[in-house]
Peer 1: 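Handing you a structure now.
Each chain gets a letter, A, B and so on, in the order its sequence line appears, and its residues count up from 1.
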Protein chains: 2
Amino acid sequence: MSEPAYTRLGVDERRRQLLELGTELFTGHSYGELSMAQIAREAGISKALLYHYFPSKRDFFVATLARAAEELRARTEPDPSKPPLEQLTGSLDGYLELIEENSASYEKLIESATTVAEVRELIDNVRELTAQRILAGITPEGTVATPPVRAAVRAWLWFMDGACLDWVRNGDFERTELRDMLLGTLFGSLAAAGGQSMLSALAEQASS
Amino acid sequence: MSEPAYTRLGVDERRRQLLELGTELFTGHSYGELSMAQIAREAGISKALLYHYFPSKRDFFVATLARAAEELRARTEPDPSKPPLEQLTGSLDGYLELIEENSASYEKLIESATTVAEVRELIDNVRELTAQRILAGITPEGTVATPPVRAAVRAWLWFMDGACLDWVRNGDFERTELRDMLLGTLFGSLAAAGGQSMLSALAEQASS
DNA sequence: CCGCTTGTTGACCGATGGTCGATAGCGTGT
DNA sequence: ACACGCTATCGACCATCGGTCAACAAGCGG
């Protein structure tokens, strides 16, 4: 009778513990591979308690990703004091560094991302935000990008994920090589989409 | 008493009916949104019968896609009598035409594609096959592509899906524009990946 | 009209995401 | 030291999922 059947924790404490465990588990297994029952068992609590803290599995998952998402935003935050081209390369470097450090989780994320609508949206949001940033830095003031240019920028973000996935999986070339290839592709794509005026603006910066 | 409890159909007939219903349902709803129970109810049969004809939900799904996959393969089959560059544009045109005709289903496919491992593999296979085709037409005989070039080609296929998705969703530019943008991006990407020798081979063809 | 083949069914299984009323840990007031 | 109450926690439960199985019956050949 001396032994308590369970230990009672404060709300914040338990939340923190669960989130910590969640990030750990989800970096090793994809979303579909983990059941709430497993997670609860791993945490030493009942499934009901897990649901008491997070209204659904998806909520738990995205809460788990919140920290990483915040870091992503911070690392890709462009430095407004620099010219657009350098802002872009800076953000890109930040992005690639982050992936390189967490390469183990990156694959799982891309996999899960597609499975869970919420994460899909999250990634889409990041893409859209990034696309806007790029377009803003590229488009001459007062004009809007033509549809092909818009499509090119959006598609380039897919290109980026594809390239990063290959890079992470094979790891047989340098991050700087990857970065240059990404930048070169973006320029090539913009040129092919007819965004000549935007390119020339960037080219001036590059040559100076 | 006179009314039979169910109508008995021939094997082929039933299979055809189910496949037809399946393609219809799956073009309107993604894989995860449909349960086998729903499908069976929609077909007016029991779930067990559905499983009698298709060993699993995934099998049913891929069987449903088989026709489309076959058409995809046929449409992107390169014409070996033509030079590599024209083979590529030809395959690309075939691909884009197919998407344009079935734009309604294309989005659902991309969504489902990611959810279902089998379809993911199917798409990956198509990507890999296409990548090999491109590399084969580009790489000088007896040499292998460098890692960055390999990554560039793979990533370009992601670019293609991203661009097609934007195109299908907004539909505010022409298929030929899209095709040219895709080709231009591929060249730009190869250039950025250091595949100069491959590019020059293509450029010669293009100028002649 | 019967029997045999086989297309077809209802009932069932284990696991999953999710819910709810009851229980019990523990800080607090006396 | 004891009782009280707040609420963190649990066990039991539910609908649905993909999937399985033995038994039934539709309809053809004799």
Peer 1: Between A:Thr64 and A:Glu20, is any pair of side-chain heavy atoms under 4.5 Å apart?
Peer 2: no
Peer 1: Nearest whole Å is fine: how far is D:dC10 C1' from A:Arg41 CZ?
Peer 2: 16 Å
Peer 1: Write down the distance between CG (B:Asp59) and C1' (D:dG19), rounded to a whole number of angstrom.
Peer 2: 12 Å
Peer 1: Anything under 4.0 Å to a heavy atom of chain A counts; send over the first and last such nucleotide of DNA chain C, read 5' to 3'.
Peer 2: C:dT16 to C:dC26
Peer 1: Which is more 5' along DNA chain D, the nucleotide nearest A:Thr7 or the one nearest B:Ala5? Just name the residue.
Peer 2: A:Thr7
Peer 1: Please state how far atom CE in B:Met36 lies from atom P in D:dA15, giving the value in whole angstrom units.
Peer 2: 23 Å
Peer 1: Should the ring pair A:Trp167 and A:Phe173 be called parallel, tilted or perpendicular, given that the plane angle runs from 0 to 90° and is split at 30 and 60?
Peer 2: tilted
Peer 1: Answer yes or no: is there a side-chain heavy-atom contact under 4.5 Å between A:Val144 and A:Arg150?
Peer 2: no
Peer 1: Specify the separation, in whole Å, of atom OH of A:Tyr6 and atom C1' of D:dT9.
Peer 2: 4 Å
Peer 1: How many whole angstroms separate atom CD1 of B:Ile39 from atom C1' of D:dG18?
Peer 2: 11 Å
Peer 1: More than 12 foreign heavy atoms under 6.0 Å from CZ of A:Arg16: is that the case here?
Peer 2: no
Peer 1: Would you please classify the geometry between the A:Phe26 ring and the A:Phe61 ring as parallel, tilted or perpendicular, with 30° and 60° separating the classes?
Peer 2: perpendicular
Peer 1: Reading DNA chain C from 5' onward, which residue's closest nucleotide shows up sooner: A:Gln38 or A:Arg8?
Peer 2: A:Gln38
Peer 1: Is A:Gln132 atom CD crowded by more than 12 heavy atoms from other residues, nucleotides or ligands, each under 6.0 Å away?
Peer 2: yes
Peer 1: If the threshold is 4.0 Å, N to carboxylate O, is there a salt bridge linking A:Arg67 and A:Glu70?
Peer 2: no
Peer 1: Please work out if B:Leu34 contacts a base, only the sugar-phosphate, or nothing of the nucleic acid, heavy-atom cut-off 4.0 Å.
Peer 2: sugar-phosphate
Peer 1: Could you check which residues of residues 44-54 of chain B get a heavy atom under 4.0 Å from DNA chain D? Sort them by number, please.
Peer 2: B:Lys47, B:Ala48, B:Tyr51
Peer 1: Judged by atom type as modelled, is there a donor-acceptor pair below 3.5 Å linking the side chain of B:Glu101 to the main-chain atoms of B:Leu98?
Peer 2: no
Peer 1: Quick test of your reading of the model: are B:Glu71 and B:Arg75 salt-bridged, counting only N-O distances below 4.0 Å?
Peer 2: yes
